[in-house]
A.B. asks: 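Pasting a structure below so you can have a look.
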Amino acid sequence: MIPAPTIAGSISRLELLRWFQEGKRIGKDFILVDLRRTDFEGGTIRGSLNLPAQSLYPTIPTLYSIISQGRVANVVWYCGSSRGRGVRAANWFAEYLEEQKDTKIRSLVLEEGIKGWAAAGKDYTRLMDEYDELKWVK
């Protein structure tokens, strides 16, 4: 099976960390979307919405309406590793943005997902809600 091309952009965890450090505001400057459902354990990046990928696709028009009214510039999608659900959801949203001819909002995948975030050290884990170190120990 050939993977679908990625039309969404990506963001490194370091760049996202910088957004937090620079005082960019969740819900105003950017939105984080955690796509995990049954594997939603060990914590999530502070301020993330939990919108499981399994039920996301039909809600994209409503999500877009809310985001565009708020003038949010970036939507960052992630799952465990951001290689499956994260890329898929970011692409769905990027395709919807293209259909709407919206060039003001960016759809971004968080590289390496929540696993990469949690493994990167205390600068990252201190920005997690409900962080449970035991869930991330291999």
Side-chain angles (χ1 to χ4, degrees):
M1 184 173 167
I2 299 171
T6 302
I7 63 168
S10 65
I11 184 170
S12 70
R13 66 177 169 257
L14 179 58
E15 185 175 351
L16 183 56
L17 177 65
R18 284 187 188 132
W19 286 4
F20 278 102
Q21 292 168 338
E22 292 168 358
K24 289 192 178 191
R25 296 168 293 169
I26 298 169
K28 179 78 173 157
D29 300 307
F30 65 101
I31 290 178
L32 295 167
V33 182
D34 187 337
L35 297 158
R36 298 172 297 152
R37 180 179 64 179
T38 55
D39 56 340
F40 188 72
E41 296 179 329
T44 188
I45 301 171
R46 183 160 302 134
S48 296
L49 300 172
N50 181 229
L51 301 174
Q54 295 83 347
S55 58
L56 177 70
Y57 189 77
T59 68
I60 286 177
T62 303
L63 184 63
Y64 170 76
S65 178
I66 293 166
I67 291 169
S68 63
Q69 294 295 319
R71 293 177 171 68
V72 171
N74 298 287
V75 181
V76 179
W77 307 88
Y78 68 91
C79 59
S81 64
S82 290
R83 290 189 200 123
R85 294 168 287 185
V87 171
R88 199 166 40 250
N91 280 338
W92 287 338
F93 196 69
E95 288 169 359
Y96 193 81
L97 291 171
E98 282 184 358
E99 290 170 12
Q100 303 308 306
K101 299 183 181 3
D102 189 323
T103 58
K104 295 178 182 166
I105 301 173
R106 293 190 309 164
S107 183
L108 305 169
V109 179
L110 176 61
E111 296 169 2
E112 299 181 15
I114 189 70
K115 290 178 183 176
W117 185 273
K122 290 197 185 295
D123 285 344
Y124 296 86
T125 58
R126 69 177 178 76
L127 291 170
M128 289 177 69
D129 292 332
E130 300 179 36
Y131 175 66
D132 180 355
E133 184 176 7
L134 296 177
K135 298 288 183 185
W136 301 105
V137 177
K138 294 187 176 101

A.B. asks: Measuring from atom CD of E133 to atom OG1 of T125, what distance do you get when rounded to the nearest 0.5 angstrom?
C.D. replies: 7.5 Å
A.B. asks: Using the side chain to side chain contact (heavy atoms under 4.5 Å, CB included) rule, take Y78 and D34 through it: C-alpha gap first, then chi angles, then the decisive distance, then the call.
C.D. replies: CA-CA 5 Å; Y78 68 91; D34 187 337; 3.4 Å; yes
A.B. asks: Just wondering, do I105 and F93 contact through their side chains at under 4.5 Å, heavy atoms?
C.D. replies: yes
A.B. asks: Calculate, to the nearest 0.5 Å, the distance between atoms CZ and OG belonging to R18 and S12 respectively.
C.D. replies: 7.0 Å
A.B. asks: Where do W136 and G43 come nearest, in terms of heavy atoms and distance?
C.D. replies: CZ2-O, 4.2 Å
A.B. asks: Would the distance check show the side chain of N50 and the main-chain N or O of R36 forming a donor-acceptor pair, the cut-off being under 3.5 Å?
C.D. replies: yes
A.B. asks: Does the side chain of W19 reach to within under 4.5 Å of the side chain of V76, using non-hydrogen atoms?
C.D. replies: yes
A.B. asks: So for atom CZ, which belongs to R126, do other residues, nucleotides or ligands contribute more than 12 heavy atoms lying within a distance under 6.0 Å?
C.D. replies: yes
A.B. asks: Please report the shortest heavy-atom distance between L16 and L110, naming the atom on each side.
C.D. replies: CD2-CD1, 4.0 Å
A.B. asks: Quick check on the hydrophobic clustering: are V75 and L49 connected, directly or via other members, by side-chain heavy-atom contacts under 4.5 Å?
C.D. replies: yes
A.B. asks: Counting neighbours of CZ on R83 that are heavy atoms of other residues, nucleotides or ligands and sit closer than 6.0 Å, is the number greater than 12?
C.D. replies: no
A.B. asks: Are a donor atom and an acceptor atom from the side chains of W77 and S107 found within less than 3.5 Å of each other?
C.D. replies: yes
A.B. asks: Minimum heavy-atom separation for G80 to R85, with atom names?
C.D. replies: N-NH2, 3.8 Å
A.B. asks: What I'd like to find out is whether the side chain of I114 reaches to under 4.5 Å of the side chain of M128, using heavy atoms alone.
C.D. replies: yes
A.B. asks: Does the S82 side chain pair with the main chain of V109, one donor and one acceptor, at a distance under 3.5 Å?
C.D. replies: no
A.B. asks: Please name the pair of heavy atoms, one in P61 and one in Y96, separated by the smallest distance, quoted to 0.1 Å.
C.D. replies: CB-OH, 3.5 Å
A.B. asks: Taking all heavy atoms of L97 and all of R106, pick out the closest pair and write down the distance.
C.D. replies: CD1-C, 4.4 Å
A.B. asks: Any chance you could measure T62, atom OG1, to I67, atom CD1, to the nearest 0.5 Å?
C.D. replies: 11.0 Å
A.B. asks: Which label fits W92 and Y57: parallel for a plane angle under 30°, tilted from 30 to 60°, or perpendicular past 60°?
C.D. replies: perpendicular
A.B. asks: Quick one: CZ on R37 to CG on L51, what's the gap to the nearest 0.5 Å?
C.D. replies: 13.0 Å
A.B. asks: Minimum heavy-atom separation for R46 and I26, please, with both atom names.
C.D. replies: O-CD1, 3.0 Å
A.B. asks: For the residue pair F20 and F30, categorise the inter-ring angle as parallel (less than 30°), tilted (30 to 60°) or perpendicular (more than 60°).
C.D. replies: perpendicular
A.B. asks: At what distance, to the nearest 0.5 angstrom, does CG of L35 lie from SG of C79?
C.D. replies: 6.5 Å
A.B. asks: At what distance, to the nearest 0.5 angstrom, does CG of L14 lie from CH2 of W117?
C.D. replies: 9.0 Å
A.B. asks: Please check: side-chain N/O of D129 versus main-chain N/O of T44, any donor-acceptor pairing under 3.5 Å?
C.D. replies: no
A.B. asks: Mark yes or no for whether S68, through its side chain, and Y64, through its backbone, hold a donor-acceptor pair below 3.5 Å.
C.D. replies: yes
